[in-house]
Number of protein chains: 2
Amino acid sequence: MKVTINDVAKHAGVSMKTVSRVINKEPSVRKKTYDLVMQAVEELNYQPNTAARNLAGTSSFAIGLVYDNPNAYYVIDMQNGVLSRCKEEGYELVIHPCCAQDPDMHKEIATMIQRSRLAGLVLTPPLSEQQDIIDMLDNLGVAYVRLLSGQSNASAPSESKNEEIKANNCIYVDDYAAAYEITEHLIKLGHKTIAFACGDAEHKSTTERLAGYQQALKDHDLTLNDDLIYEGTYSFESGVEGAKALLKNNNAHKITAILGGNDEIAAGALFASRLMNIAIPEQLSISGFEDSPFSRQTWPKLTTAHQANSVISEHAARLLFSKTRGSRKQDKDIITTFTPSVVVRESTGPAPV
Amino acid sequence: MKVTINDVAKHAGVSMKTVSRVINKEPSVRKKTYDLVMQAVEELNYQPNTAARNLAGTSSFAIGLVYDNPNAYYVIDMQNGVLSRCKEEGYELVIHPCCAQDPDMHKEIATMIQRSRLAGLVLTPPLSEQQDIIDMLDNLGVAYVRLLSGQSNASAPSESKNEEIKANNCIYVDDYAAAYEITEHLIKLGHKTIAFACGDAEHKSTTERLAGYQQALKDHDLTLNDDLIYEGTYSFESGVEGAKALLKNNNAHKITAILGGNDEIAAGALFASRLMNIAIPEQLSISGFEDSPFSRQTWPKLTTAHQANSVISEHAARLLFSKTRGSRKQDKDIITTFTPSVVVRESTGPAPV
DNA sequence: ATGCAGTTTGACAGCGTTGTCATTTTAACT
DNA sequence: AGTTAAAATGACAACGCTGTCAAACTGCAT
């Protein structure tokens with residue numbers, strides 16, 4: 001029932017160490033020996049014991065995914081992307097949802113890392129932006145990859161000493177460019193008064209998206225107006241509130257389009273519009289951000305910026321693996337900057353005359 | 001930097017084994033010794049090494065969660081429920097999304113179990129209903145808990161020999177009762193022609209919900225009509241198609257309410273109604289099932305049956321832990337049957353006259 | 001053949017815990 | 001105090017693998 005590396009070794013007539021070499025794809029094993037061992041592995045249906053490998057080896061065969069995000073779609077996509085890479089590499093994934101607010105956060109993460117001897121960590125926003133966590137990870141000497149809002153050529157966001165390492169452990173999502181693009185889409189539809197319903201102020205993505213929106217307006221000679229900006233959170237409820245606030249006494253501004261910080265906000269705005277008897281997109285255009293499945297399940301379907309979260313997280317995992325253990329093969333196909341692209345659906349249309 | 005059990009032992013002036021006893025909360029350790037050790041643990045900030053514990057111990061400190069479900073909200077809730085229990089028990093969670101269709105499914109799961117020496121498994125529908133997987137787990141002798149649609153007093157669904165064990169490793173969600181209740185809600189609103197948009201036919205929940213719906217109609221002397229049943233899948237798209245199919249040439253039936261197999265289906269039906277210019281709930285009532293966040297983000301908000309997935313999965317984990325390792329304390333608070341309760345929102349109203 | 005560098009293999013000692021079983025201490029009785 | 005069973009503790013060998021380093025091969029130039 002239980003097959004050990006020793007059994008395989010005997011069966012193949014080699015030493016345990018050689019079997020170990022084969023299953024770890026280490027170099028300097030003769031092809032003939034390799035095949036011999038593999039055959040024995042097959043015949044005995046040998047499964048390497050993860051615990052033993054973790055214990056004996058330098059680092060473990062598990063990585064962690066840390067997140068603090070209420071958005072189920074986002075989290076699932078992140079998990080699946082990382083998971084698919086883990087499967088490929090024969091690693092396990094330890095998921096760790098947590099609360100960014102918690103002051104003991106970095107302790108909790110440290111504990112997890114030490115207990116499980118994690119080989120590395122993938123950090124998603126907003127935790128990837130927290131300096132205390134980054135510092136802690138550097139101190140521990142654990143490999144990690146951060147998912148960040150911005151562009152890779154921007155200055156490395158960490159203040160730490162070993163900068164050359166720092167710059168290479170980030171995956172960027174260019175929210176700025178995407179927001180610019182989606183704002184431009186609205187402008188081209190003739191909209192002149194475009195509101196923006198922000199997500200959480202602490203998130204870098206919020207400032208990036210806002211900046212992209214503002215730059216687009218500027219570039220098209222439209223006036224910026226703080227009254228058109230609603231500061232909320234990345235939630236449906238916030239979208240409802242935001243739209244209500246923005247559209248109340250709309251005579252003054254004549255807002256004809258609302259750009260939601262994400263799909264949930266946009267859906268909330270859609271909901272609020274319904275309550276106020278505003279026709280979408282005839283009277284008001286609304287666009288989301290992220291292209292979660294959610295954006296296809298509203299009525300009308302949301303125009304949004306497609307962000308391939310599972311692909312992004314898969315690349316984050318690739319990048320992480322390229323830094324850990326043997327990092328045998330150099331993975332040169334890693335994309336480090338992603339720019340969401342506009343997906344036009346039914347929630348945006350020409351500005352009303 | 002790295003603190004072992006040996007360090008703690010020396011620091012506390014006891015043997016390694018005693019420290020081991022303390023951190024495992026084993027009985028027969030004097031209070032005084034316990035405190036002494038705990039203090040040393042605190043002072044040195046000792047973190048037990050999971051890999052070593054897994055290797056040395058009988059079973060590992062990790063359980064698995066296996067699912068094949070496209071619904072992000074559902075999965076996240078399941079994860080969080082199980083995770084919260086794991087945290088409490090000091091276990092790790094290995095998540096394993098998979099494809100129920102895959103014929104090698106049970107092999108894949110077996111591999112995972114052997115590699116990670118999992119202490120147990122939580123199975124969600126539809127995998128919890130697959131006999132080949134159950135058999136495999138029985139053969140392996142791994143503890144597992146199944147999440148099932150039905151009632152606990154129903155006959156144990158497995159055909160295996162050791163029945164006494166079998167009956168005790170299931171958590172039931174009484175979809176039948178919930179569907180009955182929600183149908184009755186519609187009937188009381190005066191609806192006489194109520195359609196049902198089913199989820200995947202293979203899922204037990206589908207047949208259970210359908211049966212509850214039918215029984216409610218029967219008990220209220222309404223005629224059953226197969227034309228009022230749309231067989232689809234648990235997806236938004238299916239809801240759209242279902243509503244379209246049901247409402248096409250509705251003169252014949254005069255459907256005034258649609259019961260969706262889950263919230264996504266209901267949201268799809270809502271979407272389709274929009275397209276057909278049908279006012280909800282004035283002309284048509286629609287209800288969902290599950291009470292995912294989704295049901296609060298449609299317009300109008302969905303009447304649905306609240307199913308506390310994270311609570312359910314937490315109890316599943318409890319039940320699993322009561323079967324594994326020391327199962328020190330008997331957890332008598334485990335609920336094994338959950339009945340979703342109706343939540344009335346805005347998508348249902350009095351039948352039109 | 002012979003030597004030499006490079007490649008491939010193997011012996012063996014841990015990795016940090018827990019299980020087993022022996023030993024000591026305690027408490028509860030005569 | 002003396003006996004005995006029960007409770008608390010400890011010594012030590014696994015657990016299944018990998019890192020280290022030494023040994024044995026290989027091919028190639030002499």
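This one's a predicted model, so the numbers in the text were calculated from it and none came from an experiment. In what follows, chains are A, B, ... by sequence order, proteins preceding strands, each numbered from 1.
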Q: Only counting residues at least two apart or in another chain, list the ones meeting salt bridge (Lys or Arg N to Asp or Glu O under 4.0 Å) with Glu314(A).
A: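 Applying salt bridge (Lys or Arg N to Asp or Glu O under 4.0 Å) to Glu314(A) gives Arg85(A), Arg318(A).
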Q: Could you check if a side-chain atom of Ser313(B) sits within less than 4.5 angstrom of a side-chain atom of Asn309(B), using non-hydrogen atoms only?
A: no
Between [atom2] of [N] and [atom1] of [X], the distance in whole Å:
X	N	atom1	atom2	value
Met16(B)	dC15(C)	CE	C1'	12 Å
Glu26(B)	dT18(C)	CD	P	8 Å
Asn6(A)	dC12(C)	CG	P	13 Å
Tyr34(A)	dT9(C)	OH	C1'	17 Å
Lys10(B)	dG16(C)	NZ	C1'	13 Å
Arg30(B)	dT24(C)	CZ	P	15 Å
Lys17(B)	dA7(D)	NZ	P	18 Å
Lys31(A)	dT7(C)	NZ	C1'	18 Å

Presence of [X] side-chain N/O under 4.0 Å of [N] phosphate oxygens OP1/OP2:
X	N	result
Ser20(A)	dC17(D)	no
Ser15(B)	dT9(D)	no
Asn24(B)	dT18(C)	yes
Thr18(B)	dT9(D)	no
Thr58(A)	dG19(D)	yes

Q: Evaluate the criterion salt bridge (charged side-chain N to carboxylate O under 4.0 Å, His left out) for residue pair Glu108(A) and Lys87(B); output intermediate values, then yes/no.
A: CA-CA 11 Å; Glu108(A) 194 183 314; Lys87(B) 210 169 190 175; 3.2 Å; yes
Q: Could you label the plane-to-plane angle of the Tyr91(B) and Phe61(B) rings as parallel, tilted or perpendicular, counting under 30° as parallel and over 60° as perpendicular?
A: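 Ring orientation, 0 to 90° scale: tilted.
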(Q) Looking at Arg21(A) and dG19(D), is any side-chain donor or acceptor paired with a base atom of the opposite kind under 3.5 Å? (A)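 Answer is no: no donor-acceptor pair is held.
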Considering only nitrogen or oxygen atoms on both sides, find all protein atoms under 3.5 Å from nucleotides 14-16 of chain D and state each distance.
unit_1  : atom_1 : unit_2   : atom_2 : d
dC15(D) : O2     : Ala56(B) : N      : 3.3
dG16(D) : OP1    : Lys2(A)  : NZ     : 3.2

Q: Test Gln39(A) against Asp35(A) for side-chain hydrogen bond (donor to acceptor under 3.5 Å, both in side chains), laying out the working first.
A: CA-CA 6 Å; Gln39(A) 194 188 331; Asp35(A) 292 340; over 6 Å; no
Q. What residues form a ring-ring contact (aromatic ring centres under 6.0 Å, His included) with Tyr73(A), not counting sequence neighbours?
A. Tyr73(B)
Q) Just one of Val82(A), Leu118(A), Val142(A) clears the side-chain contact (heavy atoms from CB on, under 4.5 Å) bar with Ile63(A), so which one? A) Val82(A)
